[in-house]
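A short worksheet on the structure shown next.
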Amino acid sequence: MMTIKIGNGIERDISYYGMELISSPEAFGGEIKDSNIVKIDFPEEDGDTVYIPPNVAIKSFDYKIRLAFIAQTGQTPSVKIIDFMTAILGKEITIKNKYKGVSLVGYAKKYSDVEYFRDQKAAIFDLTIYVPSGKVDPL
């Protein structure tokens, strides 16, 4: 179960847009920026002395989800997906993956087709969301 909030709009389940979540990552960023890690190598000691500040900055990351769109009567999947992408491009979006218990804020980075099923009027596509702060909050 996943919800999306576009800009200052209303938080809606993705089924509102005619989509279902197929898959999402198990890893949610959380990698520390290298600039936070200070290493000092003393020649008379083995290894390095490492300092990491208590409030570290987290690297940004991409969050790639796979979605399916199932068209209703009179709808074309490609048109509806393009409409959805037009609605989210250039806007801050908040994704809440309730199944995995996380919330993240980012921007649509890219969209790619995976598969189109003409008989069922369905399409599967990947959406990559750029999370600039690298921060993921628990729900």
Straight-line distance of Ser133 OG to Phe61 CZ, nearest 0.5 Å: 7.5 Å
Those residues that, when tested against Tyr116, pass side chain to side chain donor-acceptor pair (under 3.5 Å) (two or more places apart): none
Please check if atom NZ in Lys59 has more than 12 non-hydrogen atoms from other residues, nucleotides or ligands closer than 6.0 Å. yes
Heavy-atom closest contact (Pro132 atom, Tyr107 atom, distance): CG-CE1, 3.9 Å
Within a 6.0 Å radius of atom CG on Asp83, are there more than 12 heavy atoms belonging to other residues, nucleotides or ligands? yes
Atom of Tyr130, atom of Ser60 and distance for their closest heavy-atom approach: OH-OG, 3.2 Å
In Å, rounded to the nearest 0.5 Å, how long is the span from OG of Ser112 to CD1 of Ile124? 12.0 Å
My understanding is that only one of Lys98, Lys96, Glu11, Arg12 makes a side-chain hydrogen bond (donor to acceptor under 3.5 Å, both in side chains) with Thr3; could you say which? Glu11
Could you tell me whether Glu26 and Lys100 make a salt bridge, using a distance below 4.0 angstrom between a side-chain N and a carboxylate O? yes
What residues, two or more places apart in sequence or in another chain, satisfy salt bridge (Lys or Arg N to Asp or Glu O under 4.0 Å) together with Arg66? Asp126
Minimum heavy-atom distance between Met85 and Leu127, given as atom pair plus value: CE-CD1, 3.7 Å
With rounding to the nearest 0.5 Å, note down the distance linking CD1 in Ile93 to CD1 in Ile4. 4.5 Å
Minimum heavy-atom separation for Leu21 and Ile14, please, with both atom names. N-CD1, 3.4 Å
Decide yes or no for Ser23 and Ile65: does some side-chain heavy atom of the first lie under 4.5 Å from some side-chain heavy atom of the second? no
If you round to the nearest 0.5 Å, how far is CD1 of Ile129 from CD1 of Ile95? 4.0 Å
To the nearest 0.5 Å, tell me how far Leu67 CG sits from Glu20 CD. 9.5 Å
Report yes or no: do Val114 and Ile81 belong to one cluster of Ile/Leu/Val/Met/Phe/Trp/Tyr joined by side chain heavy-atom distances under 4.5 Å? no
Return yes if some donor-acceptor pair links the side-chain N/O of Asp113 with the main-chain N/O of Glu115 below 3.5 Å, else return no. no
Does Ile10 have more than 12 heavy atoms from other residues, nucleotides or ligands lying within 6.0 Å of its CD1? no
Gap between atom CZ of Phe69 and atom CE of Met19 - 0.5 Å precision: 8.0 Å
Could you check if a side-chain atom of Ile6 sits within less than 4.5 angstrom of a side-chain atom of Tyr17, using non-hydrogen atoms only? yes
Sequence-distant partners of Lys39, salt bridge (Lys or Arg N to Asp or Glu O under 4.0 Å), two or more places apart: none
Would you tell me whether Asn97 and Ser24 have side-chain atoms, one donor and one acceptor, within less than 3.5 Å of each other? yes
Criterion ring pair (Phe, Tyr, Trp, His ring centres under 6.0 Å) on Tyr111 and Phe125, from CA distance to verdict: CA-CA 7 Å; Tyr111 144 85; Phe125 65 100; 5.4 Å; yes
Lys121 side chain to Phe117 backbone, donor-acceptor under 3.5 Å: no
Is the shortest side-chain heavy-atom distance between Thr128 and Tyr63 below 4.5 Å? no
